There are 2 protein chains.
Amino acid sequence: MEKIRQNTLHGEVAERIRDLIAQGTLAPGSRVPEKQLCEQFGVSRTPLREALKVLAYEGFVELLPNRGARVAKLTRATLKNTFEVMQSLEALAGELAGERITETELANIEALHYQMLSHYKRGNMQEYLLANQQIHEAIVVASQNDVLIDVYKNLNHRVRRVRFTAELSNDYWSQAISEHESMVEALRARDGAALGGILSRHLRNKVEMSALEEMAE
Amino acid sequence: MEKIRQNTLHGEVAERIRDLIAQGTLAPGSRVPEKQLCEQFGVSRTPLREALKVLAYEGFVELLPNRGARVAKLTRATLKNTFEVMQSLEALAGELAGERITETELANIEALHYQMLSHYKRGNMQEYLLANQQIHEAIVVASQNDVLIDVYKNLNHRVRRVRFTAELSNDYWSQAISEHESMVEALRARDGAALGGILSRHLRNKVEMSALEEMAE
DNA sequence: ATATGGCCTTATGAATTCATAATTAGGATT
DNA sequence: AATCCTAATTATGAATTCATAAGGCCATAT
């Protein structure tokens, strides 16, 4: 059984533009050149402009009447607000995951956890952050709440461009590692309340945030 | 300084379609007739289709490739998930509002609270629910977290069509009233933690949800 | 009688065209 | 030389046109 191709043209275009923004090719505050992107993607303006409408709603660009789209600036305030919300969503995800997580998902998270530990020991920050990120996403998915998953993914998308550029202190590293240990333990015990508590305890993101805030705007 | 008029045509159209969905003119599961709506609104298909892309992203409609848009069904599962997330966001809003709320906002909420009480005493459910809703929205706004406000408003939008049709038990009413009393007290005391706790205590929404779930699907 | 297949109609997806607002360049004036 | 005003250019917003896929209808075969 082959899955039906769900992809739409404007969806593809939106994805490509998100990438351009995330990798910094389209700088914050700069205008989005419709014509040029059309040529680059080989599509007409119609699907591209449809994509821009969606991106505007997602918060990646802002539409100025008769002046087209600009890449949204990620201000410190916005970044802080986004993390506040994501943190709260993670806490909820933790609670729910504790009740609903499957064996497979748990095993997957444990595997990611050990990968993360090994990256930590080798001092490989990029890989560490990736595994870290994947663990958080996996917990959100394990909540089995589709609305939560959607909202979280969108917010995560928005801050993607600053996530992997942070320099973290050693203090933060060891702190985060120990919190992750507790998280996996809580998951094993199917203790949603504990997991939610850990995830909402502000520590992790607050420290991460202070590092990330320097990146923004 | 006059605020710049941000209205765009596709934005207007989106708003109109949201209304049509909320008031049931466009029934869940039915297709969205592009041509007919174009004539009705007096616009061409371009802005209407742009609006549909946004509405799809917001969760109001779903796009089937080469088969246009249909009004999304609000299933019980989706409704439950949406309330779970909203409840979590309200809890966060409560925490933040406790720290950040202004005198004016507090006074406004107190006024709404007394309005709500009077509607309660008169047994006017419609007005009661409206005031109730406005209090929750005001708390979210008082959080001063724009990301939170945006996400909350969108979710609230989605469930709008079932919000004011519920029949609530007397038990629920008195329970909810007493919880609201505590909320206002916590706000007066600027006790964000307490407020967050009250808002996340599941009771209100869980009961409300069970009434609402009968509406969905 | 029902199911299958081809034709015709209709609606969607995307490109193109058209109108208008914004930006730029150039010239006139101070 | 600097500034203001006007014309030309460009880009955006929206309508229209075009290509194609889906849905309906009828004829034919089983």
Side-chain angles (χ1 to χ4, degrees), chain A residues 1-21 25-73, chain B residues 1-21 25-73:
Chain A
M1 261 302 165
E2 183 76 31
K3 208 167 195 181
I4 300 167
R5 186 184 162 79
Q6 248 307 3
N7 294 0
T8 60
L9 195 48
H10 73 269
E12 294 280 340
V13 171
E15 188 58 35
R16 295 281 294 274
I17 296 178
R18 270 192 286 266
D19 287 342
L20 291 180
I21 293 174
T25 310
L26 287 174
S30 69
R31 45 194 310 169
V32 181
E34 286 188 10
K35 203 173 171 186
Q36 184 185 318
L37 290 177
C38 285
E39 290 169 11
Q40 194 170 326
F41 297 155
V43 300
S44 79
R45 279 177 59 217
T46 305
L48 188 126
R49 302 186 82 254
E50 287 171 348
L52 287 177
K53 302 292 178 292
V54 173
L55 292 171
Y57 191 82
E58 290 179 297
F60 286 94
V61 303
E62 36 192 52
L63 303 177
L64 308 178
N66 295 315
R67 277 194 263 171
R70 323 215 151 199
V71 179
K73 287 184 186 172
Chain B
M1 256 312 164
E2 183 75 32
K3 210 169 191 181
I4 299 167
R5 187 182 162 77
Q6 251 302 4
N7 292 0
T8 59
L9 194 48
H10 74 269
E12 295 281 337
V13 171
E15 189 57 37
R16 295 281 293 274
I17 296 178
R18 269 191 287 263
D19 287 342
L20 290 180
I21 293 174
T25 310
L26 288 174
S30 69
R31 46 192 311 169
V32 181
E34 286 188 10
K35 205 174 171 185
Q36 184 184 317
L37 290 176
C38 285
E39 290 168 11
Q40 193 169 326
F41 297 155
V43 299
S44 79
R45 280 177 57 219
T46 305
L48 189 127
R49 302 186 83 253
E50 287 171 348
L52 287 177
K53 302 293 178 292
V54 173
L55 291 171
Y57 190 82
E58 290 179 297
F60 286 93
V61 304
E62 38 191 52
L63 303 177
L64 309 177
N66 295 317
R67 277 191 266 171
R70 327 220 146 191
V71 179
K73 288 184 186 170

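Model, not experiment: these values are computed from the prediction. Order of the sequence lines sets the chain letters (A, B, ...), proteins ahead of strands, with each chain counted from 1. As a basis for the values below, the full set of heavy atoms in this structure was taken, side chains included, without hydrogen atoms, waters or symmetry mates.
- Proximity of B/K53 to B/L63: side-chain heavy atoms (C-beta onward) are separated by under 4.5 Å at one or more points.
- In terms of position along DNA chain D, the nucleotide closest to A/P33 lies nearer the 5' end than the nucleotide closest to the other residue of the pair A/P33 and A/T46.
- Taking 3.5 Å as the limit, the base of C/dA14 and the side chain of A/S44 contain no donor-acceptor pair of atoms between them.
- In this structure, B/E39 atom CD and D/dT16 atom C1' are separated by 15 Å, rounded to whole Å.
- Following rounding to the nearest Å, A/R70 (CZ) and C/dT23 (C1') show an atom-to-atom distance of 11 Å.
- Counting only heavy atoms from C-beta on, A/R49 has its side chain closest to D/dG13 among C/dA22, D/dG13, D/dA22.
- Rounding to whole angstrom units, CD of residue A/E34 and P of D/dT12 are separated by 4 Å.
- To the nearest 0.5 Å, atom CZ of residue B/R49 and atom CD of residue B/E34 are 5.0 Å apart.
- The side chain of B/L9 lies closest to D/dA14 when the candidates are C/dA14, D/dA14, D/dG13.
- Between the CZ atom of B/F41 and the P atom of D/dA14 there is a distance of 15 Å, given to the nearest Å.
- Checked against C/dA15, D/dA11, D/dA14, the side chain of A/K35 finds its nearest nucleotide in D/dA11.
- The distance from atom CD of A/E58 to atom CD1 of A/I17, rounded to the nearest 0.5 Å, is 10.5 Å.
- Distance check: A/F60 CZ to A/R18 CZ gives 5.5 Å after rounding to the nearest 0.5 Å.
- Looking at A/R45, its side chain comes within 3.5 Å of the base of D/dG13 through a donor and an acceptor atom.
- Atom CZ in A/R67 sits about 20 Å away from atom P in D/dT10, given to the nearest Å.
- Taking atom CZ on A/R31 and atom C1' on C/dA22, their separation rounds to 9 Å, with Å as the unit.
- Here the CZ-CD1 distance, from B/R16 to B/I21, works out to 13.5 Å after rounding to the nearest 0.5 Å.
- For B/E12 and D/dA14, the CD to C1' distance is 15 Å, given to the nearest whole Å.
- Residue A/E50 is the one, among A/N66 and A/E50, whose nearest nucleotide of DNA chain C lies closer to the 5' end (criterion: closest heavy atom).
- The residue among B/A69 and A/V43 whose nearest nucleotide of DNA chain C is located toward the 5' end is B/A69.
- Look at CG on A/L63: it is 15 Å from C1' on D/dA14, rounded to the nearest Å.
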